[in-house]
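Notes follow once the structure below has been shown.
We use all heavy atoms of the structure for the numbers below, so side chains are in, but hydrogens, waters and symmetry mates are not. Please read these numbers as outputs of a predicted model, since none were measured by experiment.
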Amino acid sequence: MSSKGFRPIVSEYHILWEALKHYENRLEKLSSMETDEDKQLSYDEKLQDLEGVLNSIKIAAKEDFQLDLE
């Protein structure tokens, strides 16, 4: 691996995006169904973290390949 870190290609950006969006949907569902407030908070914190990851991937895809991920 290069010293510049992880540098995905276009198809990998699409796979990452799709997988993370699927995970986001799953976390939203789990959070909405959860009755335990601590567990619900845990899901919500993961959703907040995931939002940052998705934003970073979106920016990197745009910068690297002018790729608009939605």
Side-chain angles (χ1 to χ4, degrees):
M1 181 172 227
S2 75
S3 62
K4 293 184 179 185
F6 182 60
R7 301 292 296 192
I9 60 175
V10 172
S11 62
E12 292 170 336
Y13 273 118
H14 284 291
I15 290 168
L16 280 169
W17 188 259
E18 186 176 325
L20 291 172
K21 292 301 276 183
H22 177 75
Y23 183 52
E24 179 182 47
N25 290 334
R26 177 77 175 140
L27 286 173
E28 287 171 348
K29 182 178 179 181
L30 290 170
S31 177
S32 69
M33 294 173 49
E34 187 57 61
T35 57
D36 182 307
E37 288 185 27
D38 289 335
K39 287 183 181 178
Q40 187 177 23
L41 181 59
S42 174
Y43 291 135
D44 292 344
E45 287 174 353
K46 287 179 184 181
L47 281 165
Q48 287 179 341
D49 292 343
L50 185 57
E51 184 179 330
V53 171
L54 285 167
N55 192 39
S56 294
I57 289 172
K58 190 175 188 175
I59 291 168
K62 185 71 171 177
E63 288 178 357
D64 291 349
F65 299 104
Q66 294 73 49
L67 183 63
D68 290 319
L69 297 173
E70 292 297 325

Could you tell me if the side chain of Asp44 sits less than 4.5 Å from the side chain of Gln40, heavy atoms only? yes
Side chains of Trp17 and Leu67: closer than 4.5 Å at any heavy-atom pair? no
Tyr43 side, atom OH; Lys29 side, atom NZ - distance, nearest 0.5 Å: 12.0 Å
To the nearest 0.5 Å, tell me how far Leu20 CG sits from Asn25 CG. 11.0 Å
In terms of hydrophobic clusters joined by side-chain contacts under 4.5 Å, are Tyr23 and Leu41 together? no
Side chains of Asn55 and Glu51: does their closest heavy-atom pair fall under 4.5 Å? no
Are any side-chain N or O atoms of Ser42 and backbone N or O atoms of Asp38, one a donor and one an acceptor, separated by less than 3.5 Å? no
Going from CD1 on Ile9 to NE2 on His14, what distance comes out if it is rounded to the nearest 0.5 angstrom? 10.5 Å
If two hydrophobic side chains count as joined below 4.5 Å and joins carry through other members, does Leu50 share a cluster with Ile59? no
Hey, could you give me the CG/CD distance between Asp49 and Glu45, rounded to the nearest 0.5 Å? 7.5 Å
Salt bridge (Lys or Arg N to Asp or Glu O under 4.0 Å) between Lys21 and Glu24, intermediate numbers included: CA-CA 5 Å; Lys21 292 301 276 183; Glu24 179 182 47; 2.9 Å; yes
Is there a chain of hydrophobic side chains (I, L, V, M, F, W, Y, each step under 4.5 Å between heavy atoms) that links Ile15 to Leu54? no
Which heavy atom in Ala60 sits nearest to a heavy atom in Tyr13, and how many Å separate them? CB-OH, 3.3 Å
Do Leu69 and Val10 sit in the same hydrophobic cluster, where Ile, Leu, Val, Met, Phe, Trp and Tyr count as joined when their side-chain heavy atoms come under 4.5 Å apart? yes
Exceeds 12 heavy-atom contacts within 6.0 angstrom, atom CD of Glu12: yes
